[in-house]
**Q** 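Dumping the structure here so I can ask a few things about it.
Just so we're on the same page: letters track the sequence lines, and every chain starts at 1.
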Amino acid sequence: MRIVTWNINSVRLRADLVERVAQWLHPDVICLQETKSPDEFFPREAFERFGYTHLAISGMKGYNGVAIASRYPLTAVRNLNFVGREDCRHIQATVQGIEVHNLYVPAGGDIPDPDENKKFAHKLAFLDEIAASFTGIGRSRRPMVLVGDLNVAPLPNDVWSHKQMLKVVSHTPIEVEKLGAVQASAKWVDAVRHFVPPETQLYSWWSYRANDWEASDRGRRLDHIWVTPKLVPSLSEYTILREARGWEQASDHVPVMVEIR
DNA sequence: ATGGTAGTTTCACTA
């Protein structure tokens, strides 16, 4: 099974780019974040045309929104809400016996201080609640995959400059610590770092604000695929589709793919 | 320290 995660930054604007992702990566399951569309306006026809006839979607007007599109049937579809908000940041479904969780963690604003910045406080609380929701359920359950825009780049080589990013939201020690607690909650294994050693820089997001994203290459790895331990021996391939950042009308995030044999 | 771009909810908000 090939599973892709992609922050698409408006599914209505970029539905056609899903076909290009399908042609490059041949995924069986595509998990999207920031769809920015109420469910009744989700471009179902486009996904069906590309072969993704099974959809689990949770969207709202203008903000957030997550979706799982699959070539195989989706069962046990469920949304979870965190920090008391119904803001379409989680959807889960079971596909081919694997429980897939798709998450869009709050970005957290600009100031990395929960007292000064409510968005940062929300992000930290959100991470705490995800960790709590998975604690203790890793074992004795069906295999699980967690994907999404987690809005944290945990390793020093998940950002273009560890030193310059330590006080920038997405790479602060408190966020890295809390993401680490999420990862420990179900013994999640970072499936991309399973293939790529921590000495190698890896990014999945480049700001729209750079003059030349490719030349400056000030990226961050915000988009992740994690698997439960029993799936690790089955990990067979990964791709971070850097090319997609250069497409016309690109998202600022690129698709990340892992294959599980 | 500043401002840069993109998307949708638009002369404002989120990222």
**Q** Can you identify which nucleotide, out of dG7(B), dT14(B), dG4(B), has its nearest atom closest to the N9(A) side chain?
**A**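 Taking heavy atoms from C-beta onward, the closest nucleotide is dG7(B).
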
**Q** Assign each of S10(A) and D252(A) to its nearest nucleotide of DNA chain B by heavy atoms, then name whichever residue's nucleotide is nearer the 5' end.
**A**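 Counting from the 5' end, the first nearest nucleotide belongs to S10(A).
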
**Q** Write down the distance between CZ (R209(A)) and P (dT2(B)), rounded to a whole number of angstrom.
**A**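 Atom CZ in R209(A) sits about 14 Å away from atom P in dT2(B).
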
**Q** In whole angstrom, give the distance that lies between atom CZ of F120(A) and atom P of dT14(B).
**A**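 Atom CZ in F120(A) sits about 17 Å away from atom P in dT14(B).
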
**Q** Specify the separation, in whole Å, of atom CH2 of W206(A) and atom C1' of dG4(B).
**A**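 About 19 Å, once rounded to whole Å.
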
**Q** Any ion pair linking R245(A) and E214(A) (charged N to carboxylate O, less than 4.0 Å)?
**A**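 Judged by the 4.0 Å cut-off on N to carboxylate O distance, E214(A) and R245(A) do not form a salt bridge.
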
**Q** Does a side-chain N-to-carboxylate-O contact under 4.0 Å join E259(A) and R261(A)?
**A**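 Yes, this pair counts.
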
**Q** Can you tell if the side chain of R2(A) reaches within under 4.5 Å of the side chain of M257(A), non-hydrogen atoms only?
**A**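 The answer is yes, as the side chains (C-beta and beyond) meet within the 4.5 Å cut-off.
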
**Q** Any side-chain N or O of K119(A) under 4.0 Å from OP1/OP2 of dT14(B)?
**A**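 Affirmative; the distance criterion is met.
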
**Q** What's the gap between dG4(B) and dT14(B) when it is taken at their C1' atoms, as a whole Å value?
**A**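 Rounded to whole Å, the distance is 16 Å.
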
**Q** Mind checking the P distance from dG7(B) to dG3(B)? Whole angstroms is fine.
**A**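 Looking at atom P only, dG7(B) and dG3(B) are 23 Å apart.
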
**Q** Between dA6(B) and dA1(B), how far apart are the two P atoms, rounded to whole Å?
**A**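 Approximately 27 Å lies between the P atom of dA6(B) and that of dA1(B).
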
**Q** Would you mind reading off the distance between R12(A) atom CZ and dA6(B) atom C1', rounded to a whole angstrom?
**A**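 Answer to the nearest Å: 16 Å.
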
**Q** Using whole Å, report how far OH of Y104(A) lies from P of dT14(B).
**A**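 The distance from OH of Y104(A) to P of dT14(B) comes to 11 Å, rounded to the nearest Å.
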
**Q** Determine the interatomic distance between C1' on dT10(B) and the same-named atom on dT5(B); round to the nearest Å.
**A**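 Approximately 16 Å lies between the C1' atom of dT10(B) and that of dT5(B).
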
**Q** What is the separation between atom NZ on K123(A) and atom C1' on dA15(B), rounded to the nearest whole Å?
**A**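 Atom-to-atom, K123(A) to dA15(B), this comes out as 11 Å.
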
**Q** Name the closest nucleotide to the L13(A) side chain, picking from dA15(B), dT5(B), dT8(B).
**A**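 The nucleotide sitting nearest to the side chain is dT8(B).
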
**Q** Determine the contact category for R89(A): base if any of its heavy atoms lies under 4.0 Å from a base atom, sugar-phosphate if only primed atoms, P, OP1 or OP2 are that close, otherwise nothing.
**A**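 Answer is sugar-phosphate: R89(A) comes under 4.0 Å of backbone atoms only.
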
**Q** Rounded to the nearest angstrom, tell me the gap between atom OH in Y63(A) and atom P in dT14(B).
**A**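 The distance from OH of Y63(A) to P of dT14(B) comes to 6 Å, rounded to the nearest Å.
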
**Q** Within the structure provided, determine whether F126(A) and L124(A) are in side-chain contact (heavy-atom separation under 4.5 Å).
**A**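 They are not in contact (no side-chain heavy atoms under 4.5 Å apart), so the answer is no.
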
**Q** How many Å lie between CE on M60(A) and P on dA15(B), as a whole number?
**A**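 So the CE-P distance, M60(A) to dA15(B), works out to 11 Å.
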
**Q** Is the closest basic N to carboxylate O distance between D217(A) and R242(A) below 4.0 Å?
**A**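 Yes, D217(A) and R242(A) are salt-bridged.
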
**Q** Have a look at R14(A) and say if it touches a base, only the backbone sugar-phosphate, or nothing, with a 4.0 Å heavy-atom cut-off.
**A**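 Since only primed, P, OP1 and OP2 atoms lie under 4.0 Å of R14(A), the category is sugar-phosphate.
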
